[in-house]
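Have a look at the structure below, then the notes.
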2 protein chains.
Amino acid sequence: MTQHGTVARILDTAEQLFAEKGFAETSLRSITSRAGVNLAAVNYHFGSKKALIQAVFERFLTPFCAALDAAIDRRLADTGAEQLSLEDLLALVARTAIELNARDPARGVVFMRLIGLAYNESQGHLRRYLASRYGNTFARLQRLVRQAAPGVPPAEMFWRAHFALGSVIFTLSGLAPLMAIAEADFGRRQAFDDVVQRLLPFVSAGLRQGANA
Amino acid sequence: MTQHGTVARILDTAEQLFAEKGFAETSLRSITSRAGVNLAAVNYHFGSKKALIQAVFERFLTPFCAALDAAIDRRLADTGAEQLSLEDLLALVARTAIELNARDPARGVVFMRLIGLAYNESQGHLRRYLASRYGNTFARLQRLVRQAAPGVPPAEMFWRAHFALGSVIFTLSGLAPLMAIAEADFGRRQAFDDVVQRLLPFVSAGLRQGANA
DNA sequence: CGCCCCCGCAAACATACGTTTGAAACATAT
DNA sequence: ATATGTTTCAAACGTATGTTTGCGGGGGCG
C-alpha cells in the first residue's frame, strides 16, 4: 500500500486482514507483524482494537459518503429534476465507489466484505456506530430509492432495499471464491465488471416490480 | 429445548449461541455453562470445537436435505413433468424448512443465520465441508432452477442464483434487528411470514428476468 | 461380587490474546 | 546544547480460550 507512516501502514494492513479473516479472528499481533510495526503501536495510536476497527471504516466511509453526496447533488442539478431513476442511482453508487479508489480497484470489493462483516456482527456495536455516523447519507439514499419506484408502498420498499443490499453485500463479500467456482464451471474467467453488470439488473428488477412507470 | 441427554443439550445451546454471536465469539464455556453440562463434555463427545460446529450443521442439514429431496421427488411425480416452476421450487424449499421444525418455527431462521456465518467464514473450511457433504442436493436444486428459467444462459443463472441466495441469507440472517427497525419506522409489527411473502417475489423477479415464458 | 466401559466432574495445562509499562530513540524548538 | 513532547520498542501482565488429565460413580454382564 502507501508508503507513509505507522498509522497508515496499520490501517492498510488491518483493512486487508479484517476483510480476509473477520475482526475477532484477526489478532493485533498478526496486523502489526505484517505491517512491520511494533505491537504496542496500535494501542498507542488508536487506543484499542475496537477503535482501530472504527478507524478503518472511517477512513473509507467518510470520503466515500462525501463523494457520493456530491455526485448525487451534481446529478440532480444536471437533470434539473428532483429524483433519479433507479439505474442512475445504483450506477452512481457503484461508480463513486470505484472512482474513489482508482489506484486500487479491488478496494471497493474488500470494503464490501467489511460492511458485510459489520452487518453480521453479533452485538451490533459496529452497526450502531455506522448508523449514527453515516445515517444521513444512508437516509437520503433510501429516500431517493423510494422516489425512484413510485407506487411501491414505503414498508414494502424498506424490505426490498434490504433484499437488494443482501445480494450486493453477500456477493461482493465472497467474490473471490465465487469467481473461482464460476471459472471452474464455465471455463472462461469472469471479470469484476461482468459480475456488477449482472448484479445491477438483478436488483433493479426486484426493486421495481409492481412499480408505476 | 428438548429434555434428552448431554449431547442434545450441547447441540441445542451451541446452535442458538453460534447463531447469536458467531463461531469464534462463542466460547465452549459459555455453551456448557448455559447447557448445564461440564466443560469437558464437548471435547469428550465431539472431539473438538470444530467438530461441534460441524455436528450442529449436520443435525439440521441431513434431515433437511433428505426431506427436500423427497419433497421434490413427490412434486415431480405429482405433476408428471420433469421440471418445476420457480415459484414451486422456492415455496418447496421454504415449506420443508418450516415443516421440518414445526415445533420451533424460529429454528429455520436461526439456521439461516448459521449458513450465512458459514459463508462468511474466513478460510472456508465449513464451506468446503458443506459442499462435500451436501453437494448432491445442492447441485440438483441448481439444475432445477436452471430448467425453470429457460433462455437464461447457465453462467448468468449461476450468478443470479447467488444473488438470490444473498438476499435470503442476508435478510434472514439479520432478521431480528431488521424487524425491530421496520416496526419502529412503520408502526405495525411485521410477522415472519410477511417478510417471506415479500422475499420470494423479489428473488423470483430477479431470477427470471429475460427468461422465455 | 468383580470387571469393564461409558459418562460426568473439578482441576490443571498450554497457549493466544488485548493491553500496559518503562525506558530508549527521535524530532523539534528554545 | 539542553529541554520537551512524541513515537518506538521489548517485555511483561492479566485474562480467556481450547484441550487434557485423573479420579469417581454407576449400570450391564459374566
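Sequence lines set the chain letters: A, B, ... in the order given, protein chains first and strands last, and positions in each chain run from 1.
In this structure, A:Ala40 reaches the bases: a heavy-atom distance under 4.0 Å links it to at least one base atom across the strands shown. The residue B:Thr32 sits apart from the nucleic acid: no heavy atom pair falls under 4.0 Å.
Within the 4.5 Å cutoff, the side chain of A:Ser167 has heavy atoms near those of the A:Phe202 side chain. A 4.5 Å side-chain heavy-atom check between B:Phe163 and B:Leu207 finds every atom pair outside the cut-off.
A close approach under 4.0 Å does not occur between any side-chain nitrogen or oxygen of B:Ser27 and OP1 or OP2 of D:dA16. For A:Asn43 and C:dT19, the shortest distance from a side-chain N or O to OP1 or OP2 is below 4.0 Å.
Position along DNA chain D of the nearest nucleotide to A:Arg29 versus A:Ala41 favours A:Ala41 as the more 5'-ward residue.
Classification of A:Asp12 and A:Arg59 as a salt-bridged pair holds, one side-chain N sitting under 4.0 Å from a carboxylate O.
One interatomic measurement links the two molecules: CG of B:Asn38 to P of C:dC9, which rounds to 6 Å at whole-angstrom precision. Regarding A:Lys49, its NZ atom lies at a distance of 8 Å from the C1' atom of C:dC17, rounded to whole Å. Note: OH (B:Tyr44) to P (D:dC23) measures 17 Å, nearest angstrom.
Between A:Phe23 and A:Phe57, the ring planes are tilted. Angles from 30° to 60° get that label.
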